Amino acid sequence: MAASVQALRRRRQPQENSDKSNYASRHLTVENWNSTFGYYESFFVWFLIFGLYIGVFLFVCLRFHQFPEPRIADDKPLEGVFYENLARRHLETVTSFGQRPAGSEANELHTKNYILKELLAFKDHLHESKEMLIDVQNTSGSFHLFFINTDFYSVYKNLKNVVVRLGPVSGATHSVLMNCHYDTMVDAIGAGDDMSSCAVMLEIARSLSQSSKPLMHNIIFLFNGAEENLLQASHGFITKHHWAKSIKAFINLDSAGAGGWEIVFQTGPQHPWLVKVYLEAAVYPSASVINQEVFELGLVPADTDYRIFRDYGKIPGLDIAYISNGYVYHTMNDVPQAIPPGCLQRAGENLLSIVQALATDPKLDDPGDDRHGNMVFYDLVGLVVVHYPKRIGSILNCIISCCTFILLWRKATAASMKTSVGGFTHLKNMLAGFMATTATWIVCVLVVVVGVALPLSLCGRSMFWYTNTSTMWFLFVMPGFFSIVSMQLFLKPRLFKGLDPIYVERLMFDTVLCELAVANLILTYLGLGMAYLVMLWVLFPLLLRECVTQVTSLHWRDNKKTMLMLHLGGMLLPLLSSMYIIYMFLIIIIPTMSRVGTTINPDLALATLVTLFLLSTCQYLFGLMYVCDMRLILRTVGTLFVLGLLVVVFTSVGFPFSGDRDSPSPQRFSHVHMNRKNYNLKGELVHSDSGLWYLPQDFRRDELIQEHFPVYKTASADLRGKGPYFGLPYFIPILHLLNPKDSKYIPTPAIDPQPKVVSALVSKHSVSPDILRLNFEVTGPDHMTVYICPQSDLTLVGWSILPGTPLPVYTFPEMNETSYFVYYGHGETPHEPWKFFIDIQTTTGRWPEDQHVVDMAFSGYYLHGRHKTTPELTEHQRNIPPWLIPISFTATYASYQF
């Protein structure tokens, strides 16, 4: 028996030695590196890869701009059907009233009356199973808001909301809210933001009111008249209206552009059943938990009424917004023509189905266990929707990552048995692979951001990608890919010298798979639903390449085409999902860069983002570079980069802005004709001036406008005046974004806008030995601000604006002041002055009669009517080039010492 075992061992040993010698015979040196794919063969391999990436991106672009055919109503519209032409009639009528800031006649009278007229017409044709109540709310109040990294306090008077409650004639206890706003920013027509949503809501109200389909719950349609006033009207509704207590869920509609798909930005808080209702009811769903988490992290400089309903109403909801064509957002270019045909039809059909589903869902009354927890949810270019509880996603992510680690361990063990590469050596090689991928990420980001974006920004080609976005692919993507390839060519003789390139390819694939599995676990541990995207990048390559090759024993050397197809096939679904998210981010972020302020370099920000997108979607390509001859690819990519660089630097393609009538992408700036006055402790005027204040909103500042208006070359850059907050009438406290040192000032004759801001200290008395109370009365235009700056040894400890200790706004350290900000707005002119008090605390416990306690600045803003403009503003704007778009108004600033 022993002899037979020894004989068997002798027979096996030659076979094992033969396997190792065969492997060694296939072991290639660096000199024979390119034998797997030849010179020209490699070019076609990468041509196929580039074709896959470009094809997926084009598919996403085309898909994102597909809309249903608009439905046109005849004399007898069908029951329960949404018609785009009826919605467009509302849109075109209201936008014909012009800009509609809160307090303007167009907003407070014409738009409100039009909406009321249409609703009353719907009521005349109400289905017998329905009940419709219409109310016009006149609301006043105050609240605190932390926005754009600073604290706001907001006070409002006599703002209007048009509210409709549609429900079963038998009555209902609970309601679902649907909200839009019909006011606009100054100098904005507001077709996309947000009259398109109001037009859709009006058509939905018509369709539902005339439909025989029963409702279980009420539907409340809120047409609010002051969202652009720092979300004031929605606060007035949810905290003051008698119908608000019946609301159990809401849908908020807003816009960051004009047209496109309406995207779910936020959901909840918790109440995962809402997401499920949306995804199952929406005809054209588009939602991703990534959008929500990015918004919650504060990476998007915007906010909506969703926040008010969530924080002050304590109710869950869906925040849905248009995101395309952000170039026209808050400008005169936001016209109905910018909204493509079919856009309203898509939104209308979607929202009609969703609100019907919510109004007939028993969970609106009592969600049960579904009131807790969160969902992982996403769609795949609107074709497929996926949703599951986050706890299930956490388990799934952990299982997939653990299976990946087990598979990689088994592969490493099998490799040590079948090849000359031992287990320890394989582990060391994987560590080298990790070093290679990490070094590639670092070098790629540095090359694109520091080597390309920064020099272009410094040499006067900042924001070259803003209008001609295709240049971004040549000047960000191409050098990024060039650096990736160059790093692999640099690292292979240093980290993988003498190794078979096929082994190195497999090693790099396993390394990336392991890194993504670890990233999947980290994101899951942090509780982020966006881990699903990383999970897809682990799961599908694992299934399609690793599992298939394990079962079939396919090998690169003998099955190059099959292995390549399996490799790319495993990337297809996660690549499509990633490209979809990336495309949405880009169409949001690129237009936003023209209004993020003068202190943020958008080139560096976008270059970093694009490079991270590039690296995250092509990690699995790192290994292919070791089995291909990359010389021709490197030359091609390098040539494309150089050509793109020459075009951007030496032609008009690199000019960032465009005044094209059909597709504008202009530069924005605030143009304010202002008066400034300063009064001392005795009430005497000690300084007064008036001028045009040019305040750019992007990183290019005024360098381009100086070429067309030489007067700005000699304009003063020293704007700091006396009084709180740099002595300037900032509409909102955003010094950290719009630095006054980047603005210009041209002295002009004084202006006399009406009504004047009149502020008066009514009384001053001690409420305790160490607290002094100052009572004020203020009258003026429908938009005013107050900046309060106590003396350095005193503290603002309370006021009548809100209970609690006030929070200061951000100021520059060199300003050496603590300032507090209050924004005031009204619709219909109040019969009484705005009255408030402030409480100032001293540390000395005594108040001399003549003590300087506080500096206060009162500003008034004239955003509509005949006092909105002046001859000087008109003259300066008469000959502006079409690629410039001003936001102009008049303002006054007066500071006092008390």
Side-chain angles (χ1 to χ4, degrees), residues 33-34 36-58 61 436-437 439-456 461 464-465 468-493 501 504-505 508-509 512 564 567-568 571 575 578-579 582-583 586 603 606-651 653-654:
W33 195 272
N34 301 311
T36 306
F37 286 102
Y39 184 77
Y40 292 106
E41 190 179 20
S42 296
F43 180 82
F44 286 108
V45 167
W46 284 93
F47 183 81
L48 175 65
I49 293 171
F50 291 150
L52 172 67
Y53 275 68
I54 294 171
V56 169
F57 186 78
L58 290 177
C61 295
T437 55
T440 299
W441 275 70
I442 294 172
V443 169
C444 186
V445 172
L446 290 176
V447 165
V448 178
V449 177
V450 180
V452 178
L454 183 59
L456 284 171
R461 275 295 184 253
F464 64 88
W465 37 264
N468 299 307
T469 55
S470 59
T471 57
M472 179 176 59
W473 306 112
F474 291 93
L475 268 62
F476 290 164
V477 174
M478 292 300 174
F481 189 77
F482 187 93
S483 65
I484 292 172
V485 177
S486 300
M487 278 301 295
Q488 309 318 308
L489 296 179
F490 174 79
L491 292 172
K492 71 180 182 182
V504 177
E505 189 280 332
M508 292 296 289
F509 180 86
V512 171
L564 182 63
H567 186 91
L568 298 181
M571 294 172 54
L575 179 63
S578 295
M579 285 290 192
I582 290 169
Y583 182 73
L586 290 178
D603 301 289
L606 188 64
T608 302
L609 196 62
V610 170
T611 308
L612 294 178
F613 287 157
L614 171 68
L615 287 163
S616 64
T617 56
C618 71
Q619 290 185 90
Y620 284 116
L621 302 181
F622 291 3
L624 293 180
M625 297 174 189
Y626 291 88
V627 294
C628 292
D629 188 322
M630 299 301 295
R631 289 174 293 173
L632 184 56
I633 303 300
L634 204 61
R635 292 168 189 155
T636 303
V637 171
T639 301
L640 290 174
F641 164 65
V642 172
L643 290 175
L645 184 64
L646 293 175
V647 169
V648 164
V649 173
F650 295 107
T651 72
V653 171

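Computed from a prediction, not measured in an experiment: that's the story for all the values here.
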| query | So F509 and Y620, ring pair (Phe, Tyr, Trp, His ring centres under 6.0 Å) or not? Walk me through it. | reply | CA-CA 6 Å; F509 180 86; Y620 284 116; 5.2 Å; yes
Please identify each residue that fulfils side-chain hydrogen bond (donor to acceptor under 3.5 Å, both in side chains) with [X], with sequence neighbours left out.
| X | answer |
| --- | --- |
| T440 | Q488 |
| S486 | none |
| T437 | E515 |

Using atom types as modelled and distance alone, determine if a side-chain donor or acceptor of [X] lies under 3.5 Å from a backbone N or O of [Y].
| X | Y | result |
| --- | --- | --- |
| S42 | D629 | yes |
| H567 | L621 | no |
| R461 | L456 | no |

Identify every side-chain donor-acceptor pair in residues 606-614 under 3.5 Å, counting partners at least two apart or on other chains, and give the distances.
| residue | atom | partner | partner atom | Å |
| --- | --- | --- | --- | --- |
| T608 | OG1 | L604 | O | 2.7 |
| T611 | OG1 | A607 | O | 2.6 |

| message | Working note: Y53 + W46, criterion ring pair (Phe, Tyr, Trp, His ring centres under 6.0 Å); need CA distance, chi angles, decisive distance, verdict. | response | CA-CA 10 Å; Y53 275 68; W46 284 93; 8.9 Å; no
| task | Report yes if the distance between the aromatic ring centroids of F57 and W473 is under 6.0 Å, otherwise no. | result | yes
| field | Partner residues of V653 under the side-chain contact (heavy atoms from CB on, under 4.5 Å) criterion, sequence neighbours left out | value | N468, T471, V647, T651
Side-chain polar contacts of residues 476-485 - donor-acceptor pairs under 3.5 angstrom, sequence neighbours left out - could you list them?
| residue | atom | partner | partner atom | Å |
| --- | --- | --- | --- | --- |
| S483 | OG | P479 | O | 3.3 |
| S483 | OG | G480 | O | 2.6 |

